[in-house]
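Structure first, then comments.
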2 protein chains.
Amino acid sequence: MTTANTWTELLRERRLRVTRQRLAVLDAIAEHPHLSAEAVHAAVVRRLPEITVQSVYTVLHDLTANQLLRRFDPPGSAARYEARTDDNHHHAMCTVCGRIEDVDCARGEAPCLQAPTGLGMEIEAADVVFRGVCRTCVGDRSRQPA
Amino acid sequence: MTTANTWTELLRERRLRVTRQRLAVLDAIAEHPHLSAEAVHAAVVRRLPEITVQSVYTVLHDLTANQLLRRFDPPGSAARYEARTDDNHHHAMCTVCGRIEDVDCARGEAPCLQAPTGLGMEIEAADVVFRGVCRTCVGDRSRQPA
DNA sequence: GTCCCTGCAAACAATTTGCAACCCT
DNA sequence: AGGGTTGCAAATTGTTTGCAGGGAC
């Protein structure tokens with residue numbers, strides 16, 4: 001795993017201990033972005049059979065709080081996690097099968113939208129979720145979210 | 001309640017029966033937008049002491065499915081409901097106190113952002129949530145979500 | 001009178017919390 | 001050795017589901 005060294009460095013930078021569990025979670029999410037907590041656990045138990053779902057939740061929480069992961073909440077389903085924390089990209093979700101794709105921000109700044117003014121609120125960021133139907137699901141609306 | 005007649009008409013248009021519970025839920029949300037299901041129940045029990053939280057959930061689900069209400073999921077907290085279904089406005093959320101404000105869409109169309117192309121997905125709409133800190137919470141970060 | 005809707009209870013899913021044992025440093 | 005982390009269990013929150021009685025039409 002060529003990314004292991006990078007994860008180790010990043011963990012050390014944040015004064016976090018380098019554990020097998022954290023490395024496995026980071027590897028799984030780097031390989032398959034947009035995994036839910038359950039899906040992360042399913043991907044990780046193959047290497048660490050003793051890891052529990054609760055530990056995955058703890059790891060995800062700690063790594064998110066330390067900016068190594070980014071969490072986002074698709075409408076109506078469980079939270080997803082990804083390793084791209086450096087940019088301000090957004091997401092597109094297929095309302096039929098639940099698949100999620102990254103959408104690069106056209107303007108490249110955060111927030112990439114015109115930050116609304118006169119709100120009585122200082123805006124720090126904007127989360128954007130596009131909803132639609134992906135090509136595989138067009139013409140086959142009987143599918144269930146995967 | 002001057003809106004009662006309007007609600008009655010809208011319910012009849014959708015072939016939905018006009019019940020005290022539905023009118024009370026609609027009134028509560030029209031008066032206080034962005035209520036959660038629990039908050040709707042708390043607001044409604046004052047007039048209908050016998051209503052249960054589960055009935056509120058059912059009413060919210062049915063009215064949302066029939067376009068009388070709009071549901072949206074703020075990141076990390078319970079679903080909220082509002083009566084503005086006619087336009088494509090967005091939301092701004094204070095990350096300190098949890099308060100939510102409407103943000104009118106600058107372009108007035110849905111989706112108001114440049115719909116991304118070449119995605120392998122046909123985009124139908126865009127949900128935008130701005131995150132920030134409202135004026136009352138600036139300088140008092142110790143507050144908890146209300 | 002018919003059938004949709006409500007009330008009630010139970011189940012369910014996603015996530016958080018408390019504590020002792022463990023292992024990274 | 002010491003304290004941050006994990007494993008395990010239980011509790012919590014938000015929401016959905018199944019069914020019998022009741023109210024809208």
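Order of the sequence lines fixes the chain letters, A, B, ..., with proteins taken first and strands second; residue numbering starts at 1 for each chain.
The phosphate of C:dC4 has neither OP1 nor OP2 within less than 4.0 Å of any side-chain N or O from B:Arg15. Taking only side-chain nitrogens and oxygens, B:Tyr57 never comes nearer than 4.0 Å to OP1 or OP2 of D:dT16. Between B:Thr19 and C:dT6, a side-chain N or O to OP1/OP2 separation shorter than 4.0 Å is present. Proximity of A:Arg20 to the phosphate of C:dC24: a side-chain N or O atom is located under 4.0 Å from OP1 or OP2. Side-chain nitrogen and oxygen atoms of B:Arg22 include at least one within less than 4.0 Å of the OP1 or OP2 phosphate oxygen of C:dC5. Residue A:Thr58 places none of its side-chain N or O atoms closer than 4.0 Å to OP1 or OP2 of D:dT5. At least one side-chain nitrogen or oxygen of B:Gln21 sits closer than 4.0 Å to the OP1 or OP2 atom of C:dG7.
Distances from the side chain of B:Arg12 to the nucleotides C:dT15, D:dC25, D:dT16 place D:dC25 closest.
Both B:Ser36 and B:Leu16 lie near DNA chain D, and the one whose nearest nucleotide falls closer to the 5' end is B:Ser36.
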Query raised in the report: So A:Arg22 and A:Thr19, side chain to side chain contact (heavy atoms under 4.5 Å, CB included) or not? Walk me through it.
Result: CA-CA 5 Å; A:Arg22 285 174 174 168; A:Thr19 66; 3.4 Å; yes
Requested in this report: List the steps and the verdict of side chain to side chain contact (heavy atoms under 4.5 Å, CB included) for B:Leu11 and B:Asn66.
Outcome: CA-CA 9 Å; B:Leu11 287 167; B:Asn66 284 277; over 6 Å; no
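When rounded to the nearest whole Å, the span between CG of B:Leu60 and C1' of D:dT15 equals 11 Å. Regarding B:Leu48, its CG atom lies at a distance of 14 Å from the C1' atom of C:dC5, rounded to whole Å. Atoms CZ (B:Arg14) and C1' (C:dC4) sit 18 Å apart, rounded to a whole Å. Spacing between atom CD of B:Gln54 and atom C1' of D:dT13 amounts to 13 Å, rounded to whole angstrom units. The distance between atom CG of B:Leu35 and atom P of D:dT15, rounded to the nearest whole Å, is 13 Å. Computed from coordinates, the B:Asn66 CG to C:dC4 P distance equals 14 Å when rounded to whole Å. The distance between atom CZ of A:Arg17 and atom P of C:dC22, rounded to the nearest whole Å, is 16 Å. Atom CG in B:Asp62 sits roughly 13 Å away from atom P in C:dG7 (whole-Å rounding).
Between B:Asp73 and B:Arg71 a salt bridge is recorded (basic side-chain N to carboxylate O distance below 4.0 Å). Between B:Glu122 and A:Arg131 there is no salt bridge, since no side-chain nitrogen of the basic residue lies less than 4.0 Å from a carboxylate oxygen of the acidic one.
Contacts of B:Glu50 with the nucleic acid, taken as non-hydrogen atoms under 4.0 Å apart, involve only primed sugar atoms and P, OP1 or OP2. Looking at heavy-atom distances under 4.0 Å, B:Val53 makes no contact with the nucleic acid at all. Residue B:Val59 is in sugar-phosphate contact alone, with no base atom involved, counting any heavy-atom pair closer than 4.0 Å across all strands shown.
The local environment of NE2 in B:His89 is crowded, with over 12 non-hydrogen atoms from other residues, nucleotides or ligands closer than 6.0 Å.
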